[in-house]
Amino acid sequence: MREADWEGAQAAMVETLVRYGIRNERVLKAMAVVPRHRFIPGPPVHPAEAYGDHPYSIGHGQTISQPFIVAHMIEQLELAPGERVLEIGSGSGYVAAVLAEMGQWVFGVEIVPALARWAEEVLAREGYSGRVRIWCGDGRLGWPEEAPFDAMIGSCAAAREPRTLWAQLREGGRAIFPIGDGWSQRLVRFWKQEGRIVREEGLPVRFVPLVEGPSVGRDTDLGLTFSEDRG
Ligand code: SAH
């Protein structure tokens, strides 16, 4: 595959984002730069697949998020450069890379060890490791040592509002999460105002569900201890 094929497909993706109403220049610029196809593990996929406006399998029953939804969610966070963002469900590392390209500091939590390792590797290879850190663990707990965050983004759907994370969101901070049971979900935007959380419902979406289970813990498979190795 020639580099030009990827570039053409990526430019077409950005045009689609504009047509669908994405206006934030920093988001559009970052998505025009981050090579989405290199974040998809396995053999190279066709440019139309990598840059089409749909999710794509990254193995482990997970997907790299749809470009429009990535752009829309990040736009909704109204980020200023240099703000710190917690991402729950880093998966391929693509959303983290877009945020890093925008000049954010990114703290990504990913529960599947193989995906956490993949994200770390590809982010390093693409030159984003100075701005992104990936933690393998249960995102429902957030990343207390790095709190407070200016913003939070959920890349997997929680059944309920993630109340446990609000203590880690700064006053004036924003968060966006897909919320809902099964495949019936909506994006919900949250703000912290005078210590209280204000919510606003947005678009209907379809994200992979957040993994909740007894096997899920802070130290999943990597044998790390939370307080010593996480920082
Ligand atoms: N932003 C990612 C989306 C990946 S899909 C991308 O564009 O590639 C959602 C991810 O959430 C999956 O990788 C899944 O393993 C992860 N996930 C599910 N439940 C989780 C939990 N409780 N804590 C952290 N990550 C979780």
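Excluded from the calculations below are hydrogen atoms, water molecules and symmetry mates; all remaining heavy atoms, backbone and side chain alike, are included. Note that this is a predicted model, so its numbers are computed, not measured. For reference, positions follow the sequence shown, starting with 1. In listed order, ligands and their atoms are each counted from 1.
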Exercise for review: Determine, stepwise, if the pair Glu161 / Trp166 fulfils side-chain contact (heavy atoms from CB on, under 4.5 Å).
Suggested key: CA-CA 10 Å; Glu161 176 179 328; Trp166 298 153; 2.8 Å; yes
Review point. Looking only at non-hydrogen atoms, which of Ala97, Ala157, Ser65, Ser155 approaches atom 7 (O) of ligand 1 most closely?
Key: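 Looking at heavy atoms only, Ser65 sits closest to atom 7 (O) of ligand 1.
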Check your understanding: Which is closest to atom 13 (O) of ligand 1 by heavy-atom distance: Arg140, Gln66, Glu110, Glu212?
Key ->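 When every heavy atom of Arg140, Gln66, Glu110, Glu212 is considered, Glu110 comes closest to atom 13 (O) of ligand 1.
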Does [X] reach ligand 1 with a nitrogen or oxygen that is under 3.5 Å from one of the ligand's nitrogen or oxygen atoms?
{"X": "Gly139", "result": "yes"}
{"X": "Val211", "result": "yes"}
{"X": "Asp138", "result": "yes"}
{"X": "Ile88", "result": "no"}

Exercise: identify the closest heavy-atom pair between [X] and [Y]:
{"X": "Ala124", "Y": "Ser129", "value": "CA-OG, 3.7 Å"}
{"X": "Gly89", "Y": "Glu87", "value": "O-OE2, 3.5 Å"}
{"X": "Val208", "Y": "Gly61", "value": "CG1-O, 3.9 Å"}

Review point. If you measure from the Lys or Arg side-chain nitrogens to the Asp or Glu carboxylate oxygens, is any gap between Arg133 and Glu146 under 4.0 Å?
Key: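 Answer for the salt bridge query: yes.
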Considering only heavy atoms of [X], which atoms of ligand 1 have at least one such atom less than 4.0 Å away?
{"X": "Leu115", "result": "13 (O)"}
{"X": "Val208", "result": "5 (S), 9 (C)"}
{"X": "Gly137", "result": "23 (N), 24 (C)"}
{"X": "Ile64", "result": "6 (C), 7 (O), 8 (O)"}
{"X": "Glu87", "result": "1 (N)"}
{"X": "Val95", "result": "1 (N), 7 (O)"}
{"X": "Val112", "result": "15 (O)"}
{"X": "Ser90", "result": "1 (N), 2 (C), 6 (C), 8 (O)"}

Check your understanding: For His37, which of Tyr94, Tyr56, Tyr51 qualifies under side chain to side chain donor-acceptor pair (under 3.5 Å)?
Key ->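 The side chain to side chain donor-acceptor pair (under 3.5 Å) with His37 is passed solely by Tyr51 among Tyr94, Tyr56, Tyr51.
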**Study point:** Heavy-atom side-chain proximity of Leu203 to Arg186 below 4.5 angstrom
**Key:**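 Leu203 vs Arg186: side chains apart.
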Review point. Would you say Gln185's side chain and Pro204's backbone share a donor-acceptor pair under 3.5 angstrom?
Key: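 Checking the backbone N and O of Pro204 against the side chain of Gln185, no donor-acceptor pair under 3.5 Å is found.
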Exercise for review: Taking Gln104 for its side chain and Glu83 for its backbone only, find out whether a donor-acceptor pair lies under 3.5 Å.
Suggested key: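 Yes, Gln104 side chain to Glu83 backbone: donor-acceptor pair under 3.5 Å.
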Review point. Can a cation-pi geometry be assigned to Arg84 and Trp105, taking NZ or CZ under 6.0 Å from the six-membered ring centre and within 45° of the ring axis?
Key: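 Output no; distance or angle outside limits.
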Practice item. Give the contacting part of Thr63 toward ligand 1: side chain, backbone, both or neither, where contact means a heavy-atom distance below 4.0 Å. Key: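 Backbone only.
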